[in-house]
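What follows is a single structure, written as structure tokens, with notes after it.
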Amino acid sequence: MPELPEVETVRRGLASVVTGRRVDAVSVLHPRPVRRHAAGPEDFAATLTGRRFGEPRRRGKYLWLPLEDGDAVLAHLGMSGQFRVDAPAAELPRNTRVLFNLDDGRQLRFVDQRMFGGLSVSPGGAELPDEVAHIGRDLFDPDLDVDALVARIRRRGSGIKRVLLDQTVTSGIGNIYADEALWHSGVHYDHPADGLAPRRVRALLDAARDVMSDALTVGGTSFDALYVNVNGESGYFDRTLNAYGREGLPCARCGTPIVREHFMNRSSFFCPRCQTVPRRES
DNA sequence: CTGTGGTCCTGTATGC
DNA sequence: TGCATACAGGACCACA
């Protein structure tokens with residue numbers, strides 16, 4: 001459930017479940033989600049058994065569960081990852097990949113249909129896993145330097161949406177919230193980043209933060225059962241989307257039908273009237 | 001360094 | 001009904 005509001009929704013759900021809990025047993029049902037653990041699935045299970053979780057943390061779309069000894073379990077939900085909590089005897093959701101039995105009798109399940117995401121052990125990663133260090137601070141990070149971020153974005157020559165989706169620049173924004181932020185600020189997805197005035201970049205980042213904040217208050221965006229919180233419930237933000245998924249529907253600002261184009265092997269939705277790109281010079 | 005495109009997976013919707 | 005194709009919210013890696 002992949003973008004920042006959905007990952008944060010999961011983090012909050014996990015916080016109330018795993019913090020302070022000891023792992024009694026681990027079962028890896030499919031090797032792929034732990035592929036980044038070089039020592040293999042059996043070692044992954046053995047090395048975590050008996051250890052205790054601290055409070056889950058997040059940067060961008062990365063999530064990690066610190067262990068009390070300073071290591072961490074790093075998680076990325078990829079396109080379809082979920083964490084679910086239930087009684088061990090409860091039926092497993094389809095595509096359940098990894099199980100953690102907790103010392104309070106509950107079971108944490110990592111479920112992932114497409115398996116683009118995964119889990120790994122990050123030695124010494126409790127504070128900030130090495131695997132996350134290359135990711136830029138997200139828009140909710142109190143230590144984010146917005147001026148530096150604006151300047152960095154404006155040094156890039158590619159289309160602004162590609163830059164927004166580059167997690168090393170700023171993290172947490174995915175395809176939905178990129179389209180929504182661009183719609184709110186009236187910027188075309190392929191507008192060259194270095195051709196945007198500083199105040200427009202700043203407005204775009206403000207819009208991205210606002211739209212993700214609004215999404216978070218309703219539990220994130222979900223179109224179907226693939227994106228749910230730890231209790232299996234969907235968010236409601238899809239009812240508030242203005243661009244994403246709205247091909248052919250009228251723009252809420254001007255009534256022009258929303259257009260869908262393919263960009264970076266994915267869909268971009270935008271209003272052709274509110275979001276026009278200046279002709280690139282050649 | 002920046003920029004681009006292919007690839008990793010399973011499942012669902014749509015079209016012929 | 002079968003079968004093929006397109007598409008899905010992400011990130012990594014090779015290569016120019």
Electrostatic pair [X]:[Y] at N-O distance under 4.0 angstrom:
{"X": "A:Asp147", "Y": "A:Arg202", "result": "yes"}
{"X": "A:Asp103", "Y": "A:Arg52", "result": "yes"}
{"X": "A:Lys61", "Y": "A:Asp138", "result": "no"}

| field | Contacts of type ring-ring contact (aromatic ring centres under 6.0 Å, His included), residue A:Phe270, not counting sequence neighbours | value |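 Per chain and number, A:Phe270 pairs via ring-ring contact (aromatic ring centres under 6.0 Å, His included) with A:His188, A:Tyr189.
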- Task: With DNA chain B as reference, determine whether A:Arg152 or A:Met264 sits nearer its 5' end, using the nearest nucleotide of each.
- Result: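 This one resolves to A:Arg152.
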Find the distance [X]:[atom1] to [N]:[atom2] and express it as a whole number of Å.
{"X": "A:Asp166", "N": "B:dT4", "atom1": "CG", "atom2": "P", "value": "12 Å"}
{"X": "A:Glu247", "N": "B:dT14", "atom1": "CD", "atom2": "P", "value": "13 Å"}
{"X": "A:Arg154", "N": "B:dT2", "atom1": "CZ", "atom2": "C1'", "value": "18 Å"}
{"X": "A:Glu8", "N": "C:dG9", "atom1": "CD", "atom2": "P", "value": "22 Å"}
{"X": "A:Phe110", "N": "B:dT10", "atom1": "CZ", "atom2": "C1'", "value": "14 Å"}
{"X": "A:Phe116", "N": "C:dG9", "atom1": "CZ", "atom2": "P", "value": "11 Å"}
{"X": "A:Arg162", "N": "C:dG10", "atom1": "CZ", "atom2": "C1'", "value": "13 Å"}
{"X": "A:His262", "N": "B:dG6", "atom1": "NE2", "atom2": "C1'", "value": "17 Å"}

Compare the minimum distances between each of [options] and the side chain of [X], then state the nucleotide with the smallest one.
{"X": "A:Asn265", "options": "B:dT7, B:dG11, C:dG9", "value": "B:dT7"}
{"X": "A:Gln113", "options": "C:dG10, B:dT10, B:dT12", "value": "B:dT10"}
{"X": "A:Asn175", "options": "B:dC9, B:dG3, C:dG10", "value": "C:dG10"}
{"X": "A:Met79", "options": "C:dG10, B:dC9, B:dG5", "value": "C:dG10"}
{"X": "A:Arg114", "options": "B:dG11, B:dC9, C:dG10", "value": "B:dC9"}
{"X": "A:Arg32", "options": "C:dG9, B:dC8, B:dT12", "value": "B:dC8"}

By the 4.0 Å heavy-atom rule, please label [X] as base, sugar-phosphate, or nothing.
{"X": "A:Tyr177", "result": "nothing"}
{"X": "A:Arg94", "result": "sugar-phosphate"}
{"X": "A:Arg155", "result": "nothing"}

Would you find a donor on one side and an acceptor on the other, under 3.5 Å apart, between the side chain of A:Arg97 and the backbone of A:Asn95?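 Looks like yes, one N/O pair under 3.5 Å.
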Donor-acceptor pair, side chain of A:Arg58 and main chain of A:Gly60, under 3.5 angstrom:
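The answer is yes, because a donor-acceptor pair under 3.5 Å joins these two groups.
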With a 4.5 Å heavy-atom cut-off, do [X] and [Y] have their side chains touching?
{"X": "A:Arg162", "Y": "A:Met264", "result": "yes"}
{"X": "A:Leu249", "Y": "A:Pro257", "result": "no"}
{"X": "A:Arg12", "Y": "A:Leu216", "result": "yes"}

Check your understanding: Does NZ or CZ of A:Arg253 fall inside the cone over A:Trp183's six-membered ring, less than 6.0 Å from its centre and within 45° of the axis?
Key ->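 Yes, a cation-pi geometry.
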Can you check side chain to side chain contact (heavy atoms under 4.5 Å, CB included) on A:His76 and A:Leu63, steps first, answer last?
CA-CA 6 Å; A:His76 198 292; A:Leu63 183 64; over 6 Å; no
Output yes when at least one side-chain N/O atom of [X] is less than 4.0 Å from OP1 or OP2 of [N], else no.
{"X": "A:Thr221", "N": "C:dG9", "result": "no"}
{"X": "A:Ser267", "N": "C:dA8", "result": "yes"}
{"X": "A:Asn95", "N": "B:dT10", "result": "no"}

- prompt: Which value, in whole Å, describes the distance between the P atoms of nucleotides B:dG6 and C:dA6?
  reply: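 Roughly 14 Å separates the two P atoms.
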* Asked: Want to know the stems of DNA chain B: at least 3 consecutive Watson-Crick or G-U pairs with distances under 3.5 Å, which are they?
  ->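 Counting only runs of 3 or more consecutive pairs, the stems involving DNA chain B are B:2-8 with C:10-16, B:10-16 with C:2-8.
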Output a table of nitrogen or oxygen pairs between the protein and nucleotides 11-15 of chain C separated by less than 3.5 Å.
from, atom 1, to, atom 2, distance (Å)
C:dA11, OP1, A:His76, NE2, 2.8
C:dA11, OP2, A:Lys61, NZ, 2.9
C:dC12, OP1, A:Tyr62, OH, 2.8

